[in-house]
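To keep things clear, I will list the structure first and then write my remarks on it.
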Amino acid sequence: MSKSLLADASIRLENALKHVDISDDAIERLKYPKTSLMVSIPIRMDDGSLKMFRGYRVRYDDTRGPGKGGVRYHPNVSLDEVQSLAFWMTFKCALLDLPFGGAKGGITVDPKALSKAELERLSRGYIEAIADSIGPDTDILAPDVYTNAMIMGWMMDQYSIIHRRIVPGVVTGKPLSMGGSQGRSTATATGAFHVINTVCEKLGRSPEKTTVAVQGFGNAGAEVAQQLANMGYKVVAVSDSRGGIYAEQGLDIPSIRHYKVENRGIKAVYCENTLCNIVEHKVLTNEELLTLDVDILIPAALENQITAQNAHQIKAKLIFEVANGPITSEADKILEQNDIMVVPDILTNAGGVTVSHFEWVQNRNGFYWSATEVKQKLKEKMIREAENVWELAQTKQLSMRTAAYTHALNRLGDALDAKGTRNYFVGSSS
Ligand code: NAD
């Protein structure tokens, strides 16, 4: 039987434990999610029938602050997946020194099969079901795969209806008109862009001489491809769930985004339109995209994309994990043996939760920042932590992943020990 996602995620914790001085109590606490809620959500469908959906909310740890994490709508959502995503959020928030613990939620559903009204009823039904375990001081929601600002707006509104007052701080990633923050929709990609630039600078790699392939052309992937292309990186391949495209001379990212929006898929670019006269594209499968001979590979879709089965075929020199958990721990070992540097998800994609923190702060103060202010604060934070992880990796001769976990664990361990009672009891009987 294959290993569960959470068991695989925990291997990263084990690897980092060798490099930190942290108490046994803290280690034991971090091995288990604090609360795992599973709910059944009844929804009246447009045709009058009643359908039940399964939803989850997991708060992995809240020692450093309220739980924080997105909500995913996908047919493969399971308790194991949500627990592992909540685990990663715990380390991500600690790594970025945000006053949050880690949480995550999800509904097992194919959102593309629902009408907009059904999607709204499902989102409101989910909040009804989990309302007692979330809140601006307990557990804060955000968007993830196949959820967006509109859905976050419905969720915040439903929570506010239940509590008979406006509670913007319970959800981040909301529309601007409902208390969202400037820069939130592009924050994950912008954060990733700063991490990629920082690491490339350290490696003496110039954008113009760097080729990039991006798997996943959604909120995070399309925007990071755009920002890299604007900076001069040569983005030669992109893909979505239906397949990908490749052009040796570099792709025209704005046109591809436009076609995807118009036609709901990158396939629309496949030579039905004038874009094909500008740039010659080759059609690629997702498997082919992952094994392209490029300088940088960016998985920005889902977890478990690079496994022991395909890791030895990866030719990229650098991988930046914009998706959560795209590489298994077994694949990690193969990539390390092949001298491929992996910059982990908990650092690369932390821009999203960082601006979510900014949004939560703005909601609590009722005072809103300009786009320039958000951009500047995000840039400072991402570059600072990317440099911290880089320095730790260099000084202790660690992989970037183990360095990132070590850095986060030091902060988590301090908080867990500060809250603990062990020091009081040890020696108290003498
Ligand atoms: P999204 O739903 O906007 O986009 C996902 C993209 O992946 C879509 O283009 C979809 O077609 C594509 N995709 C799905 N299966 C694929 C496959 N097998 N091969 C290639 N492409 C495939 O989601 P998103 O918000 O961009 O999130 C993507 C990843 O980034 C997820 O792992 C998510 O957890 C992570 N992430 C997102 C945010 C955020 O703020 N959006 C923050 C942190 C991490």
Side-chain angles (χ1 to χ4, degrees), residues 5 9 68-77 81-82 84-89 91-93 95-96 102 104-106 110-112 141-152 171-174 180-181 183-192 195 213-226 237-245 256-257 259-261 263-268 284-290 297-307 310 320-327 344-359 378 382:
L5 272 170
K68 181 83 193 80
V71 183
R72 178 173 292 196
Y73 287 0
H74 195 276
N76 296 341
V77 164
E81 182 184 58
V82 178
S84 55
L85 288 161
F87 168 93
W88 286 316
M89 284 306 296
F91 284 85
K92 199 182 297 182
C93 292
L95 179 63
L96 268 290
K104 204 80 182 190
D110 176 6
K112 293 177 193 166
L141 280 53
D144 191 71
V145 174
Y146 295 144
T147 54
N148 55 20
M150 177 180 71
I151 295 174
M152 294 306 110
V171 176
T172 59
K174 302 178 292 293
S181 174
R184 176 59 184 89
S185 59
T186 53
T188 302
T190 306
V195 172
V214 183
Q215 183 208 33
F217 205 68
N219 289 334
E223 180 64 26
V224 84
Q226 175 76 75
V238 296
S239 67
D240 64 11
S241 57
R242 300 169 201 198
I245 49 173
I256 299 169
R257 289 182 97 175
Y259 282 124
K260 184 159 161 82
V261 171
N263 302 285
R264 306 197 75 186
I266 284 176
K267 268 202 169 142
L284 283 179
T285 64
N286 264 302
E287 293 69 35
E288 286 167 338
L289 179 136
L290 291 175
L297 175 62
I298 302 181
L302 296 169
E303 52 271 358
N304 285 352
Q305 297 301 301
I306 303 177
T307 65
N310 61 357
F320 290 89
E321 293 183 320
V322 166
N324 283 307
I327 303 178
D345 44 10
I346 60 167
L347 173 64
T348 309
N349 69 28
V353 69
T354 301
V355 177
S356 275
H357 172 234
F358 298 166
E359 182 173 331
L378 175 64
M382 293 307 299

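In listed order, ligands and their atoms are each counted from 1. All values reported here derive from a predicted model rather than from experimental measurement.
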Task: Minimum heavy-atom distance A192-V224, with the two atoms named - done: CB-CG2, 3.9 Å
Open item on the list: Strictly distance-based, threshold 3.5 Å: is any side-chain N or O of T285 a donor or acceptor partner for the main-chain N or O of E288?
Closed with: yes
Open item on the list: If the contact criterion is a heavy-atom separation under 4.0 Å, does R184 count as touching ligand 1?
Closed with: yes
Task: For atom 3 (O) of ligand 1, the protein heavy atom that lies nearest, with its residue and separation - done: N219 N, 2.9 Å
Task: With sequence neighbours excluded, residues passing side chain to side chain donor-acceptor pair (under 3.5 Å) with S84 - done: none
Task: Under 3.5 Å: N/O of N349 near N/O of ligand 1 - done: no
- [ ] Compute the shortest N/O to N/O distance between A301 and ligand 1 and return yes if it is under 3.5 Å, no if not.
- [x] yes
Open item on the list: Using a 4.0 Å cutoff against the non-hydrogen atoms of G216, which atoms of ligand 1 qualify?
Closed with: 7 (O), 12 (C), 21 (N)
TODO: Indicate whether any N or O donor in one side chain lies under 3.5 Å from an N or O acceptor in the other, for N349 and N324.
DONE: yes
TODO: List the closest protein heavy-atom neighbour of atom 40 (O) of ligand 1: residue, atom name, distance to the nearest 0.1 Å.
DONE: T188 OG1, 2.6 Å
Task: Which residue and heavy atom of the protein sit nearest atom 21 (N) of ligand 1, plus the separation - done: D240 C, 3.2 Å
Open item on the list: Looking at G173, is its backbone amide N or carbonyl O close enough to the side chain of E359 to form a donor-acceptor pair, meaning the two atoms are under 3.5 Å apart?
Closed with: yes
Open item on the list: With respect to N324, determine whether any N or O atom, backbone or side chain, lies less than 3.5 Å from an N or O atom of ligand 1.
Closed with: yes
Open item on the list: Show the nearest heavy-atom pair for residues I346 and K92, with the distance to one decimal.
Closed with: O-CG, 3.2 Å
Open item on the list: Between N310 (side chain only) and Q305 (backbone N and O only), is there a donor and an acceptor less than 3.5 Å apart?
Closed with: yes
Open item on the list: For the 3.5 Å polar cut-off, considering only N or O atoms, please tell me whether R72 and ligand 1 meet it.
Closed with: yes
Task: atom 4 (O) of ligand 1 - nearest protein heavy atom and its distance - done: G218 CA, 3.2 Å
Task: Atoms in ligand 1 with a heavy atom of D144 nearer than 4.0 Å - done: 33 (C), 34 (O)
Open item on the list: Considering both backbone and side-chain atoms of G221, is one of its nitrogen or oxygen atoms within less than 3.5 Å of a nitrogen or oxygen in ligand 1?
Closed with: no
- [ ] Please write down residue, atom name and distance for the protein heavy atom closest to atom 18 (N) of ligand 1.
- [x] Q305 OE1, 4.1 Å
Task: Minimum-distance protein heavy atom relative to atom 2 (O) of ligand 1 - done: Y146 N, 3.2 Å
Open item on the list: Quick check on contacts: which atoms of ligand 1 are under 4.0 angstrom from a heavy atom of V322?
Closed with: 30 (O), 35 (C), 44 (C)
Task: From Q215 atom CD to L297 atom CG, the distance as rounded to the nearest 0.5 Å - done: 7.5 Å
Open item on the list: Among V195, I327, I298, exactly one meets side-chain contact (heavy atoms from CB on, under 4.5 Å) together with E321. Which residue is that?
Closed with: I327
Open item on the list: Can you confirm, on distance only, whether ligand 1 has an N/O atom lying under 3.5 Å from any N/O atom belonging to K92?
Closed with: no
- [ ] Measure the OG1-CZ distance between T147 and R72 for me, rounded to the nearest 0.5 Å.
- [x] 9.0 Å
Open item on the list: Quick check: closest heavy atoms across A142 and K68, and the distance to 0.1 Å?
Closed with: CB-NZ, 3.5 Å
Open item on the list: Testing the basics here: between L289 and V214, what is the closest heavy-atom pair and its distance to 0.1 Å?
Closed with: CD1-O, 3.6 Å
Open item on the list: Using a 4.0 Å cut-off to any heavy atom of Q215, which atoms of ligand 1 qualify?
Closed with: 19 (N), 20 (C)
- [ ] Give the atoms of ligand 1, by number and element, whose distance to some non-hydrogen atom of A220 is under 4.0 Å.
- [x] 26 (O)
Task: Side-chain (D110) to main-chain (P75) donor-acceptor, under 3.5 angstrom - done: no
- [ ] Give a yes/no on ligand 1: does A300 have at least one heavy atom closer than 4.0 angstrom to it?
- [x] yes
- [ ] Could you list the atoms of ligand 1 found under 4.0 angstrom from a heavy atom of L302?
- [x] 15 (N)
- [ ] Starting from atom 17 (C) of ligand 1, find the nearest protein heavy-atom neighbour and note its residue, name and distance.
- [x] N286 ND2, 3.9 Å
TODO: Could you tell me whether some N/O pair between G352 and ligand 1 is separated by less than 3.5 angstrom?
DONE: no
Open item on the list: Do N219 and T188 have side chains that approach each other closer than 4.5 Å (heavy atoms only, starting at C-beta)?
Closed with: no
- [ ] For atom 16 (C) of ligand 1, grab the closest protein heavy atom and report residue, atom and distance to one decimal in Å.
- [x] S241 CA, 3.7 Å
